Each structure stands twice: as structure tokens, then as C-alpha cells.
Protein chains: 2
Amino acid sequence: MSYTIKDVAQKANVSVATVSRILNNLPGYSEKTKEKVLQVIAEMGYQPNAIARGLINKKTKTLGVLLPAVSDTFASVVLSGIEDMAHELDYSVMVCNTDKDGKRTMKYLQALREKQVDGIVFVSEFFKEEYYNAIIAMNLPVVLVSTKSQYDIPFIKVDDREAVFDGVNYLLERGHRSIGMIAGTKGDPIATLPRIEGYKRALKEKEIPVDKRKIAFGDFGFESGITAAKELLDQNEDLTAIFCSSDEMAAGALSYLYRMSIRVPDQISIIGYDNTKVAEMAIPPLTTVGQPLYEMGKSAVKMLLDRETAEQKSVFMPHHIVERETVKVIENKETE
Amino acid sequence: MSYTIKDVAQKANVSVATVSRILNNLPGYSEKTKEKVLQVIAEMGYQPNAIARGLINKKTKTLGVLLPAVSDTFASVVLSGIEDMAHELDYSVMVCNTDKDGKRTMKYLQALREKQVDGIVFVSEFFKEEYYNAIIAMNLPVVLVSTKSQYDIPFIKVDDREAVFDGVNYLLERGHRSIGMIAGTKGDPIATLPRIEGYKRALKEKEIPVDKRKIAFGDFGFESGITAAKELLDQNEDLTAIFCSSDEMAAGALSYLYRMSIRVPDQISIIGYDNTKVAEMAIPPLTTVGQPLYEMGKSAVKMLLDRETAEQKSVFMPHHIVERETVKVIENKETE
DNA sequence: TTGAAAGCGCTAACAA
DNA sequence: TTGTTAGCGCTTTCAA
């Protein structure tokens, strides 16, 4: 058993109220008693019990974070930003691996509520109606990162449509005319549909017809990148570049091309999305559309904690193209 | 404001004690009142306050995890195992990014204590004396994962010496005689020294002299793998293989070799350590000494929570070589 | 400047 | 089978 505030009060010959005041920097004691109490505290190694505090304050100084998988390269960087900012502001974070499982997510939401977290950040997943209802019921601030919802919940994300538009345009500007796309999960209204729109719009602006066979779907993971790359290459003989909706899928594509002895970027150019560590480590180093993942995590926490004062609104974060070595410039534009 | 147990009791016309009993599956009420109360609870959407509970039980059903960085490929898989097992056992986990910073670690230790976590798992870092003292003072169960200490604290890890021995031996068996090593942080008594010993022992058993110039040091990260690979290649003309002390460093080596147009495994064989996702995604796919990272995380939680009953002892987890495509068999053993 | 005491939401001993 | 009540460790009136 640890010491309690009572023990400290006794030993210092003051009341618990006084100790509490000193602990919380409230006015109401002489410099002398303060010194005395502080000394006793140091001697005993007393640490206040945050649970007891939380019961009164109705604040636990802890946040809940829900994400599809902590070991996900993408989510873990966001988490890292969340964690850093939380630490800066003296908050702790509880991580919840939803595994993309609705039932598991609901269980976590309940646990977070029971444990009285002060806010929730929800990363990169589709935000279901039942989550919304649960969160409304708990009356807690929430912010969405890298996803959004039909409800009035603030989010922080990149403008996917614009980001992909820019990425495809980057390819276009370098002379590519036959560009494939490895998109995300089919039908995903957050991370797939808008990106496909961005892709289409970029082509249309250059008056290049959109060809369905040039779009393959994956699930953002490495393996699916391999499969999708194969599909694309089998169906299109003239492809000079592929836009991939995640760095991991790009890595998968790279892997497939390596196996097929197709040289990147000489024969095929590849561009990824996210700018995670896998882009850096890829061979060759992957050119990609970067999202400020770490910053997004940080901002989410700031926004969450600000919400108690000023009502915050959603924000779109800037994306930018990180040039590395997987995109080649095609010179002979005459063929067009 | 949410409802409290009192509200439920009032509305159901029973005492709070009865509601509490029902909530905790304790004996002492009729089936009829149970039904009634359960119905009222459902109607109100009442959720117990875990903070109030924790104050009495002295159990918060939450664990603290300290790790160097959540975005680390290695640590995040361990975290994932921890999280899954914790969830299975109805615990929550608080993550603490120590950033390898002693001061930050101490701050976290204090926060975890104040928040009354039921146990701590400490991942993959050097366990300093001050941490030990702090933890002793809090009187909390701790388990170390992928690290160990001079103190009597249970750990879960792979036997590094054996693992590296096996890895180097794997190379030896395939005819390699001039093998370089990219080791971890110089002087690290946990993850570097024993591994170098394993490397040396393997060579000695084959009566191959150990050459200092064949050992380079890194920091387990990608960039350092690049630098170390360059160093090794510059200093040794005859190298046919490199053992790397992490997959990330192996990826760095791969990257350097690619840039130098040295073919893997035709000209140089590479073997990594950890078997993280980067090994899978490498080009070519990386042969590596695998650690059961996810399982280690799971076991750590099990061990931590068992400690309240049976006193658990440290365990060495099995390692195994994952064969992929970066090691070539050298036929002409005559040259030896 | 200080202390006594109520109470946060809950559990558990004791009584009925 | 049920209720009353005393705390858990702390903050916060209110009174001195």
C-alpha cells in the first residue's frame, strides 16, 4: 500500500485540505507550511492517486485512440503524433486495436466510457452509425483522423481527391499517358471513391479517356499490391506508370515487377501514397504523395482538447509529392 | 452527466447494494428483481463508472506499456500482441513512447503509478537502475520484453546468442566463409554484445578467424544499415554474405547494394533479424532470423496478470530462420 | 492561513 | 433476499 494524502497530512501536522491546496497550487497557506509539507512528501515518496482525483474532477487526463491496427505502418505514425502531443499536454493515451471489427470497436467504446476518458480520436476507419450513437450517448469530444463521416464530427485529413489529382498529374507532366491505378478497397467512400475521382479528373483534363481496365482494387496492404499489379499488367500492354493508393501496395507492385524482371522506373514508373517508412526503404526509393501523418496525430489531440473552449472545425491538411526514384520522364511526346 | 448507480436504484425501487450485486454477479437477489434492474439499466443506458470502482478495488484493469517508439516496426508488433491479449482479458493498455529518453520514461512511470495501472510491460529498451527503483517503489508487477536486466525481473526474449549463432551457421552451411556482420548499437549489452558473441562462436566452430573489420555497428535503423554496409564493403573485398542485426538494417544494406549495382544474392547474400514486415516487403524478399514478436507481446500480458497468483519466471522464446530469397548457396568449397 | 466535513460513484460488511 | 452504511483518496465548500 502506498501513502495517502492523509498520511502526509498527519506527518506534517496539517489538514488534508492544506496538503491538497499545496498539491494543486491553490492559494491558502504560508510559505512555511508549504515547505514543510513538500519536504514530508518528498520523504515519504508520496504520489497522489489519480483515480481518486478523477472521481471528483470528472477528468482523467487520458484519451482513447481507436485504430485498425497498431502495427499498421500508416496508423502507427499517426499514433505516434497523438502520443507525443498527449504527453506534451500531460495526457495519457489508451490504444484500442479495433481490427476493423465493429463488435470489437463497440466493446472498446464502452470500455473507454466506463474508464471515463476525456476524449476519443478515431483513426482511419469507416465511422459507422452505431459508433456515432454510442459516442453521442457518452457525450464525449471526438475527432476523426484520416477519415470522415456523414455526421457533424470534426475530422483531420488530406483532401484525397486533390492529392491523387496532383499525383497523377505529376505522372502526366512527365509524359506518361497510359497510367494505371491501384485503388483501395472497392466501394470505400472515404479512401477509394474520391481517389478514383481524382485520378479520372486528372486524365480528363488532359483529354485522356478513362479505361476501366486500368483500375485495379486492393486493400491497401502489400499482398494486394502484388495481385493488383499483376492484374493491371496482364490487362494492359502499354502501361508506363501506376499510381498506387498506399505505399504498401506500391511496395507490392515493386515486388511483382522485380519478380517479372520489369525495371522500375525504366519500364514502368510507380508512385505511392502516404509517405511512410516503406517508401523510404523501397528499392528503388519510392516517389509518393505524402501525407503529414505525424502532424495529423498531433493536431487531432490539440483539437480534441481545445474543443472544451473553442469549438473547432474540421481541417484539410496539405499533401505534397515526395520525389524519389520510381518515376521516369518520358521524352517522346510525339507518340501522343 | 451520466446516470449513476443511485439513479438506477431509485428508478428500480431497490437499494444501490442490490444493483451493485447484480452488476457484479454476486449472489443475493431474486430473479425477478434482477430482471427489473437489468431492464432499468438498459432503458437508461447506464454504464458503471470504472473510476469509482477502481478507487475501491484498487484495480483499474489497465496496463502500462513503455516502448521506444510506437511507430517502430519491431515494437509495434509486440504492442499489437500486448493489446490483443489485454483485450482478451478485459484490460486496457496505456502506451508510453519513451523515445529512448530517460527523463521521459521516468515521467511516464510516475504517471502510470498515479493512474494506478495494474502492471507494466517494458519493451526492448535498456532497463536503467532508476527505472528499477521507481518500479520497486510502486510495488507493481513488471515484465520485460525483448530485453532483460541485472535485477530480478522476469523477461521474455529470444536467446540472442543462439539466434545469431544459428543465423550465421545458416550462412556457413551454405558455403559462405567470408561473412560480415552489421551489429546493433556499439556496447549495447542486451542486443549487441551477445549477438556478436553468437557470430564469433559460429565462425570459431568452423575454424574461421574472426576479423574485426568484418564487424560494423549501426543503431538498428534503416539509414545505419546503409552506412554500415558501405563500411563493410569498403573494408572487405572478399565478402560473400552479411548478417544484419535487424531487418531494417538489412533493408538498408539491400538499398546500398542496389545503388552500387551489386546483385543480391548473386554477389552478396544478406540475412536479417526479427522477421518484421520489412523482411517480407524487401526486394528481394529477405531471409531472416525470426522472433515471435506478436507472441512475445501476448505472453508478456499473460505472465504479468498471472503473477498475482503463481510467481512466473522468465522465458526464452524460440527463434527460427525464415527462408526467402537473399541467401545463395556457394558451391565451390574448394577455395577454402 | 487553516481545518472540518461533505461527497464524487461505487463496493462490501453488517444487519434485518 | 434486501437495505443501511462506512469508506476508497481526494477536492472543495464553509466556517473559524
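Residue numbering restarts at 1 for every chain, and letters A, B, ... go by the order of the sequence lines. Owing to the predicted nature of the structure, the values given are computational and were not obtained by experimental measurement.
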Asker: Which letter, B, S or -, goes with each nucleotide of nucleotides 11-16 of chain D from 5' to 3', with contact meaning a protein heavy atom under 4.0 Å?
Answerer: BBB---
Asker: So B:Lys298 and B:Glu88, do their side chains get closer than 4.5 Å, heavy atoms only?
Answerer: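 In contact.
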Asker: Could you give the CD1-to-C1' distance, from A:Ile41 to D:dC10, as a whole number of Å?
Answerer: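 Taking atom C1' of D:dC10 as the reference, CD1 of A:Ile41 is at 13 Å.
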Asker: Any chance the rings of A:Tyr46 and A:Tyr3 have centres within less than 6.0 Å?
Answerer: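 No, too far apart.
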Asker: Check this one for me: any side-chain N or O of B:Tyr46 less than 4.0 Å away from OP1 or OP2 of C:dC10?
Answerer: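 Answer yes for this pair, as a side-chain N or O of B:Tyr46 is under 4.0 Å from OP1 or OP2.
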Asker: Between C1' on C:dC10 and CD on A:Glu114, what's the gap in Å once rounded to a whole number?
Answerer: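 Those two atoms, CD and C1', are 12 Å apart.
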Asker: Quick one: is B:Lys58 getting a side-chain N or O under 4.0 Å of the C:dT11 phosphate, OP1 or OP2?
Answerer: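 The answer is no; no side-chain N or O of B:Lys58 sits under 4.0 Å from OP1 or OP2.
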Asker: Is B:Glu83 paired with A:Arg104 through a side-chain N to carboxylate O contact shorter than 4.0 Å?
Answerer: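 A salt bridge is present here (some side-chain N lies under 4.0 Å from a carboxylate O).
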Asker: Let me spell it out: for each of B:Lys6 and A:Asn13, pick the nucleotide of DNA chain C with the closest heavy atom. Which residue's pick is nearer the 5' end?
Answerer: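 Looking at DNA chain C, the more 5' nearest nucleotide goes with A:Asn13.
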Asker: Does D:dT1 have its OP1 or OP2 closer than 4.0 Å to a side-chain nitrogen or oxygen of B:Thr33?
Answerer: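 Looking at the OP1 and OP2 atoms of D:dT1, neither is under 4.0 Å from any side-chain N or O of B:Thr33.
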Asker: Return the set of residues passing side chain to side chain contact (heavy atoms under 4.5 Å, CB included) with B:Glu35 (not counting sequence neighbours), or none when no residue passes.
Answerer: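 Scan of B:Glu35 (side chain to side chain contact (heavy atoms under 4.5 Å, CB included), adjacent residues dropped) gives B:Glu31.
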Asker: Is the phosphate of C:dG9, meaning OP1 or OP2, less than 4.0 Å from a side-chain N or O of B:Thr4?
Answerer: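 No.
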Asker: Less than 6.0 angstrom separating the ring centers of A:Phe155 and A:Phe316, yes or no?
Answerer: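 Yes, ring centres under 6.0 Å apart.
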Asker: So, are A:Asp152 and A:Lys313 salt-bridged, with charged N and O less than 4.0 Å apart?
Answerer: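 Result for this pair is yes, salt bridge flagged.
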